[in-house]
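Only one structure is covered here, and it is reproduced in the block below.
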Amino acid sequence: MSRHIISILLENEAGALSRVSGLFSARAYNIESLTVAPTEDPSMSRMTIVTTGSEDVVEQITKQLNKLVEVVKVVDLSGAEHIEREMMLIKVRAGAKEREDMKRMADIFRARVIDVSDNTYTIELTGDGRKLDAFIQALDQGAILETVRTGASGIGRGNRILRV
Amino acid sequence: MDRVKGVELTGAEIVVRCLQEEGVEYVFGYPGGAVLFIYDELFKQDKVKHVLVRHEQGAAHAADGYSRSSNKVGVCLVTSGPGVTNAVTGIATAYMDSIPMVVLTGQVPTAAIGLDAFQEVDAVGITRPCVKHNFLVKNVKDLAGTIKKAFYLAQTGRPGPVLVDIPKDVTIQSCEFAYPEAVSMRSYNPVRKGHAGQLRKAAQLLLGAQRPMIYTGGGVILSDAARQLGEIVRLLGFPCTSTLMGLGGYPASDPQFLGMLGMHGTYEANMAMQSCDVLLAIGARFDDRVIGNPAHFAQNPRKIIHIDIDPSSISKRVRVDVPIVGHVPDVLRDLSKLLAAEGGKPDIGSWWKQIEQWRARDCLKYDRNSKIIKPQFVIEKLYEVTQGDAFVTSDVGQHQMWAAQFYKFEKPRRWINSGGLGTMGFGLPAAMGVQLVNPGATVACVTGESSIQMCLQELSTCKQYRLPIKIVNLNNKYMGMVRQWQQFFHGNRYSESYMDALPDFVKLAEGYGHRGVLIDKPADVEPALRDAFKRKDDLVFMDFLTDQTENVYPMVPGGKGISEMILAEDL
């Protein structure tokens, strides 16, 4: 069992997302995260799925994805050098007492405070999943009010290009 | 109705025009509120004939049988809501066996979608897991292009059912009609030709084989590859077996054919499959009913070459050494050329000797002196009386396996059954489609008293369209296959597998306006069949009272390896 990050180019059509998610549930594949949005060509969407499975299962996942009529291309990014990023918005308690510490912690992780109220900060942090986990670990757990994570987006390094 | 640009047509007119453009001869369907405008257009023309079934499941099975026996796309038309849900079993049946079908479904008007309107169901959502693809048409301008795509998708690549959901208001709106000449989709480009390097590897393996085996499946039938298969089997001189879905792809009477393999396959086919050193799999998918336990199958080392149009069928349950993705007839033609150039067949004399020893076990033998009608005997007589030239549909269970074992199919598209989904109720409506697309042909529906009752209402459709199907009901008063499993694996506890209060099938057939016959003695079997098949214009329901205790042998118990068979002689 290993973690794989799969990139998919698919037609930006109603129902395409449910075909992909339906495939994963129907065949009992895992989904750790799934992100999707249109590309520079609005008729096409780019999806990133993080999944875990044996080599055989991941081979079947890519084959089954390719079989979906709306899927244009599939690549298992984990097969070679790639970059992945995830964005998190985290709202923390930041009253007079905690403000300094919280700001310093955000700076250490190169996070940005994007909203401030009398007693909260909303912090934006981008990185791979482990960095986001580490930031959450580093905070006083009682100070965390809310977290939102996008799930990973991935792209191949250098000349590895996924397009039509 | 000529092809003039600039003609404005309503959505309903467009639907019917598209069917005409596709050369559709029959549509199987059932009207309802959401499709009234389409039915109105059907009424106004006579190119596309409509067959009114008695339940939407029957429409889907009939379209399916129509397609299986002809390689044309089967078409059915049903209304929204229950029309769709009733058809789902038939759609899933076609999907599991990769049958090209276009299913047109009515939908509530676009403005009502999502508001829990009367007879509303999310047709696209409900059928998504059991169609090759589906569409909801929200704009009449997309209608013709979508129907064109549906026909294209259904019959190219690995075939399958495609559903087009059409809201009622779309059938009323109008737009300029132009039927596209061709379809181009950047996301869908099935491969046809096999990879040259893989073909060379395959040829080398085959020519170096000592214990080779050719294993063929439904893909041979679906791609019309029987001729190319015959050429390569004869060229190599190898033994050949077939799955339930592939029967008729290679002539059953040929000595190189070892019969069907799998859970109820022959001893020789299963032993050869387990013991071979090079396996050529063609349009088959190593499913659980075929190779049993994959771990047991893997105990004997062998090299596997797998030809299939669908990459996801390759290395799914069994690791393959030489995958060849492509259209089966094209790949076989190229492979035959390579093999012929290398000259000749390997000497596998000792392998054949071994196979003949296995064959000598005569694993399909049964008691021919029985005082009670043996179901196998009925199928043997059916084969004789129809001279092996009938279209045979079946339902699901023991009778299906006996038909597969004892009716020797010589030609493709003659054996019509629900292999993947195993849908009881398939046989009779499928036979309607078969008879319509093959008028004048002999069509037999082999069934059991339990299966036939699942789509019995279609006897009425048969009357309306004068379909002279011959129903061979192997009536043992049990859900025979369930009873057999209960006997073997559940301590003879026949839980709910016995049907009390069976109808009088003779009277029932007569009630629908057909001829019914009860046969309860072995001596009457052949005369009854002869009499029935002489009646070219009548549907005859033959109710054969058969041995209640008969089992299907050989049998591979669930979870066992395919060489771990229970044979009749073991008991």
Side-chain angles (χ1 to χ4, degrees), chain A residues 4 6-29 31 34 36-47 49 51 53-76 79 161-164, chain B residues 92 95-96 98 110 113-114 122-139 142 146 149-150 152-154 156-165 183-191 285 294 298 306 308-320 323 325:
Chain A
H4 288 255
I6 295 170
S7 267
I8 304 161
L9 276 178
L10 71 167
E11 298 290 350
N12 183 10
E13 279 169 13
L17 169 62
S18 53
R19 275 182 227 283
V20 173
S21 60
L23 170 67
F24 274 73
S25 63
R27 295 191 184 264
Y29 304 143
I31 300 185
L34 184 158
V36 61
T39 62
E40 77 282 4
D41 168 2
S43 72
M44 190 103 75
S45 293
R46 170 88 175 233
M47 185 182 282
I49 294 180
T51 183
S54 65
E55 292 306 311
D56 285 351
V57 167
V58 173
E59 182 184 328
Q60 264 299 308
I61 290 175
T62 56
K63 284 174 167 176
Q64 293 290 349
L65 285 168
N66 262 314
K67 199 163 133 180
L68 295 176
V69 168
E70 281 154 340
V71 167
V72 183
K73 277 194 177 171
V74 178
V75 73
D76 181 357
I161 290 160
L162 177 64
R163 59 181 303 152
V164 179
Chain B
Y95 180 67
M96 284 294 271
S98 307
T110 45
I113 290 177
D122 175 8
V124 163
I126 278 186
T127 59
R128 194 176 289 124
C130 62
V131 292
K132 180 169 175 184
H133 198 60
N134 58 20
F135 300 94
L136 168 64
V137 182
K138 286 186 172 164
N139 189 323
D142 300 329
T146 304
K149 269 189 195 170
Y152 173 71
L153 288 170
T156 53
R158 179 174 181 173
V162 179
L163 181 141
V164 183
D165 197 29
V183 175
S184 155
M185 298 169 78
R186 62 181 167 185
S187 63
Y188 178 78
N189 297 292
V191 179
R285 57 187 177 90
H306 189 176
D308 205 289
I309 189 78
D310 177 5
S312 74
S313 282
I314 296 176
S315 294
K316 184 165 70 177
R317 292 190 78 238
V318 168
R319 255 293 133 203
V320 165
V325 176

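Labels below follow one simple rule: chain letters A, B, ... track the order of the sequence lines, proteins then strands, and each chain is numbered from 1.
Most heavy-atom pairs under 4.5 Å with chain B: of the set Val72(A), Val69(A), Val71(A), this distinction falls to Val69(A).
The local environment of NZ in Lys138(B) is sparse, with at most 12 non-hydrogen atoms from other residues, nucleotides or ligands closer than 6.0 Å. Residue-environment remark: NZ (Lys316(B)) exceeds the threshold of 12 foreign heavy atoms within 6.0 Å.
In this structure, the side chains of Glu11(A) and Met185(B) stay at 4.5 Å or more apart for every pair of heavy atoms. By the 4.5 Å heavy-atom criterion applied to side chains, Asn134(B) and Arg19(A) are counted as neighbours. The shortest side-chain heavy-atom distance between Met44(A) and Arg186(B) falls under the 4.5 Å cut-off.
Contacts of Tyr95(B) classified as ring-ring contact (aromatic ring centres under 6.0 Å, His included), with partners at least two apart in sequence or in another chain: none. Contacts of Arg163(A) classified as side chain to side chain donor-acceptor pair (under 3.5 Å), with partners at least two apart in sequence or in another chain: none.
Contacts of Ile314(B) with chain A are made by both backbone and side-chain atoms, with heavy-atom separations under 4.5 Å. Interface remark: Ser25(A) contributes no atoms to any contact with chain B (heavy atom separation under 4.5 Å). For Glu59(A), the part sitting under 4.5 Å from any heavy atom of chain B is the side chain, from C-beta outward, and nothing else. Heavy atoms closer than 4.5 Å to chain A are found nowhere in Asn189(B), neither backbone nor side chain.
Nearest heavy-atom pair across Gln60(A) and Ser312(B) is NE2-O, 2.9 Å.
Atom CZ of residue Arg128(B) and atom CG of residue Leu23(A) lie 11.5 Å apart, to the nearest 0.5 angstrom. Ser315(B) contributes atom OG, which lies 7.5 Å from atom CG of Asp56(A) (distance to the nearest 0.5 angstrom).
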